[in-house]
Amino acid sequence: RVLEKAGKNRIELEKVIQQYNQNAADSLKLKASYFLIANMDIHSSVDYYWADSAGKRIPYNEMDYPDFVTAVKAFEEIKPKYENLKPVPITYKDMDTIKADFLIKNIENAFDVWKRPQSKNVSFTDFCNYILPYRVGSEPLQEWRTTYREKFGWIQDSIKTENTEETLNYFAKDFRSWFVNTWDLEQRKEPLPHLGPIQLLNRKKGNCDDISNLMTYILRSQGYCASVESVPFWATSTGTHFFNSTFSSEGKLIPFDVSTANVKIDNFSREPSKVIRITYALQPNALANLIPVEQIPPGFMHKKNYIDVTSKYWQTSSLETPLFPIKTKPAV
């Protein structure tokens, strides 16, 4: 289905399948490629570029510079050369643009870290869902695994005798030493809902959803399962929240938030209306896969790849109620 929809880019996706279809020893990698490709059509990148007053794209890309300070300085030098520069949002689908080399490199790197001690009890299903994916949300596609694997490889020397919960404290301490949480301090002005993984390292700042994305990249790069959890709305107050979850070596869910003092989340201080887990795979029970998206109010329920995990965090109950009054026959 996805190959047929991929059009001209089909050849790139088929290269990945051919790569792992030649050797029986690569059977799991072949299945992993099927998993990524089969769920690829629901994923896109939201990015932007700068254009002049005539709408012509100017030759500037933040990612061409070694760090954010240098990129900003270069942009300030370019600005006087053009009139009325403005950011132009763009969206591109993974299945239309992703290249075979990118996907193969992602699969190889993911399988390499799956061999590490902290991943020894991770099933292939959990590996596919929580280590293998090349993206987290709608961020610009960037090859991140090699960079993250090397930058945060120090953790392997620090955790030889530590369990996962204790390891999270190392990640949190490191995070606080170089990354600034911009929640309630500033808002991004450019049309970029999610920073790319390399942008996060270069900018060294972001809000809570950026932080949860960052931690997902970091943990997955080191062979830990990781997912983004979200409270779309609090039940008794305003606001939303993003945090992470991982698993202990025994498979126990460990929710955590490196922006808080306790790191590990034992309970919420207020009631969540819902807690959802963002996944790479399409989820058949997500509302957008059951009815037309036009019938769904704006918000997280437009997504086709989330799981309702509220019951793992808060006591829940199921209620049944008719949508319309039940008409009864008049008494004779």
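Not measured: the values here are computed from a predicted model. Positions are given from 1 along the sequence. Values below: every heavy atom of this structure, side chains too, minus hydrogens, waters and symmetry copies.
- The salt bridge (charged side-chain N to carboxylate O under 4.0 Å, His left out) search around Arg116 returns none, not counting sequence neighbours.
- In terms of hydrophobic clustering, with Ile, Leu, Val, Met, Phe, Trp and Tyr side chains grouped at heavy-atom distances under 4.5 Å, Leu132 and Ile42 are assigned to different clusters.
- With a 4.5 Å cut-off on side-chain heavy atoms, His241 and Trp234 count as touching.
- Applying the side-chain hydrogen bond (donor to acceptor under 3.5 Å, both in side chains) rule to pairs touching residues 28-40 yields Lys29-Glu108, sequence neighbours excluded.
- Side chain of Asp52 to backbone of Ile58: no donor-acceptor contact under 3.5 angstrom is found.
- No side-chain donor-acceptor contact under 3.5 Å links Asn207 to the backbone of Trp183.
- The aromatic rings of Phe75 and Tyr60 sit tilted relative to each other, their planes meeting at an angle between 30° and 60°.
- Summarising the geometry of Phe68 relative to Asn202, their closest heavy-atom pair is CB-O, 3.4 Å, with the distance given to 0.1 Å.
- A donor-acceptor pair shorter than 3.5 Å cannot be found between the side chains of Thr182 and Arg188.
- Side-chain atoms of Gln222 never come within 3.5 Å of backbone atoms of Ile218 as a donor-acceptor pair (strictly under, hydrogens ignored).
- At least one side-chain heavy atom of Leu192 sits under 4.5 Å from a side-chain heavy atom of Gln199.
- Cluster membership for Leu36 and Tyr130, using ILVMFWY side-chain heavy atoms within less than 4.5 angstrom, is not shared.
- Residues Ser230 and Ile276 have side chains in contact (heavy-atom distance under 4.5 Å, counting atoms from C-beta outward).
- Within 6.0 Å of NZ in Lys73 there are 12 or fewer heavy atoms belonging to other residues, nucleotides or ligands.
- Checking each of Arg149, Gln156, Arg220, Gln118 against Val113 for a side-chain contact (heavy atoms from CB on, under 4.5 Å) leaves exactly one that passes, namely Arg149.
- Remark: side-chain polar atoms of Trp144 are paired, donor with acceptor, to backbone N or O of Tyr134 under 3.5 angstrom.
- For the pair Lys15 and Ala100, the tightest heavy-atom approach, listed with the atom from each and the gap, is CB-CB, 3.6 Å.
- Minimum interatomic distance between Phe242 and Ser212 (heavy atoms only, all atoms of both residues): CB-OG, 3.6 Å.
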Using the rule given for side-chain contact (heavy atoms from CB on, under 4.5 Å), can you reason through Phe102 versus Glu143, listing the C-alpha separation, both sets of side-chain angles and the distance that settles it, and then say yes or no? CA-CA 7 Å; Phe102 176 91; Glu143 200 289 299; 4.2 Å; yes
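- Thr164 approaches Ser248 most closely through the heavy-atom pair OG1-CA, 4.1 Å.
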Step-by-step side-chain contact (heavy atoms from CB on, under 4.5 Å) determination, Leu13 to Met40: CA-CA 10 Å; Leu13 304 182; Met40 189 176 287; 3.8 Å; yes
Taking only distance into account, with no hydrogens and no angle test, what donor-acceptor pairs under 3.5 Å do side-chain atoms of residues 76-93 form with protein atoms, sequence neighbours excluded?
none

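- Note: Phe243 and Phe268 have perpendicular aromatic rings, judged against thresholds of 30 and 60 degrees for the angle between ring planes.
- Listed by chain and number, the residues in a salt bridge (charged side-chain N to carboxylate O under 4.0 Å, His left out) with Asp47 amount to none (sequence neighbours excluded).
- Side chains of Ile104 and Tyr20 form a contact here, defined as non-hydrogen atoms less than 4.5 Å apart.
- Using cut-offs of 30° and 60° for the angle between ring planes, the His43 and Tyr280 rings count as parallel.
- Side-chain N/O atoms of Glu139 and Tyr217 include a donor and acceptor closer than 3.5 Å.
- Side-chain N or O atoms of Ser221 include none that pairs as donor or acceptor with a backbone N or O of Arg145 at under 3.5 Å.
- Side-chain N/O atoms of Asn262 and Thr260 include no donor and acceptor closer than 3.5 Å.
- Linking ILVMFWY side-chain heavy atoms closer than 4.5 Å, directly or via other members, places Phe111 and Ile37 in a single hydrophobic cluster.
- Judged by distance alone, the side chain of Asn305 and the main-chain N or O of Ile278 form no donor-acceptor pair under 3.5 Å.
- Formation of a donor-acceptor pair under 3.5 Å by the Ser119 side chain with backbone atoms of Val122 is not found in this model.
- Open room surrounds NZ on Lys173; 12 or fewer heavy atoms of other groups in view lie less than 6.0 Å from it.
- The two atoms that bring Arg176 and Val263 nearest to each other are NH2-CG2, 3.6 Å, heavy atoms only.
- Distance check, rounded to the nearest 0.5 Å: CG of Leu214 to CG of Leu219 gives 10.0 Å.
- Within 6.0 Å of atom NZ in Lys105, 12 or fewer heavy atoms from other residues, nucleotides or ligands are found, so the atom counts as exposed in its surroundings.
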Go through it in stages, so that I can follow the logic: the residues are Asn9 and Ile98, the test is side-chain contact (heavy atoms from CB on, under 4.5 Å), and I'd like the CA-CA distance, side-chain angles, deciding distance and then a yes or no. CA-CA 8 Å; Asn9 200 51; Ile98 207 164; 4.1 Å; yes
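- The side-chain contact (heavy atoms from CB on, under 4.5 Å) with Lys304 is formed by just one residue from the set Asn289, Thr279, Val293; it is Asn289.
- Using cut-offs of 30° and 60° on the angle between ring planes, the pair Trp114 and Phe127 is parallel.
- For the atom pair CG of Asp41 and NZ of Lys5, the computed distance is 4.0 Å after rounding to the nearest 0.5 Å.
- When only modelled atom types and interatomic distance are considered, Asn244 and Thr216 share a side-chain donor-acceptor pair under 3.5 Å.
- For the pair Leu3 and Glu14, the minimum side-chain heavy-atom distance is below 4.5 Å.
- In terms of heavy-atom proximity, Pro232 sits nearest to Thr240 at O-CG2, 2.5 Å.
- Residues Ser227 and Ser245 have side chains that bring a donor and an acceptor to within less than 3.5 angstrom of each other.
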Are Asn213 and Leu195 close enough, and set up right, to give a side-chain contact (heavy atoms from CB on, under 4.5 Å), and what steps lead you there? CA-CA 9 Å; Asn213 287 358; Leu195 294 176; over 6 Å; no
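- Taking a cutoff of 4.0 Å between a charged side-chain nitrogen and a carboxylate oxygen, Arg203 and Glu186 do not qualify as a salt bridge.
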Report, one line per pair, each donor and acceptor closer than 3.5 Å where one atom sits in a side chain of residues 313-322; sequence neighbours left out.
{"from": "Tyr313", "atom 1": "OH", "to": "Glu229", "atom 2": "OE2", "distance (Å)": "2.7"}

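- The backbone N or O of Thr125 lies less than 3.5 Å from a partner atom in the side chain of Asn129, making a donor-acceptor pair.
- Distance CG/Leu200 to CG/Asp210: 5.5 Å, rounded to 0.5 Å.
- Annotation: side chain of Phe35 is not in contact with side chain of Ile107 (no heavy-atom distance under 4.5 Å).
- Under a hydrophobic clustering in which Ile, Leu, Val, Met, Phe, Trp and Tyr are joined whenever their side-chain heavy atoms come within less than 4.5 Å, directly or via other members, Phe179 and Trp154 fall into the same cluster.
- Residues Ile131 and Phe124 share a hydrophobic cluster, clusters being chains of Ile/Leu/Val/Met/Phe/Trp/Tyr side chains in contact below 4.5 Å.
- Between Val228 and Asp209 the shortest side-chain heavy-atom distance does not fall below 4.5 Å.
- Under the salt bridge (charged side-chain N to carboxylate O under 4.0 Å, His left out) criterion, Arg270 pairs with no residue, sequence neighbours left out.
- Within the 4.5 Å cutoff, no side-chain heavy atoms of Ile254 are placed close to those of Phe247.
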ring-ring contact (aromatic ring centres under 6.0 Å, His included) assessment of Phe256 paired with Phe171: CA-CA 11 Å; Phe256 67 96; Phe171 283 124; 8.2 Å; no
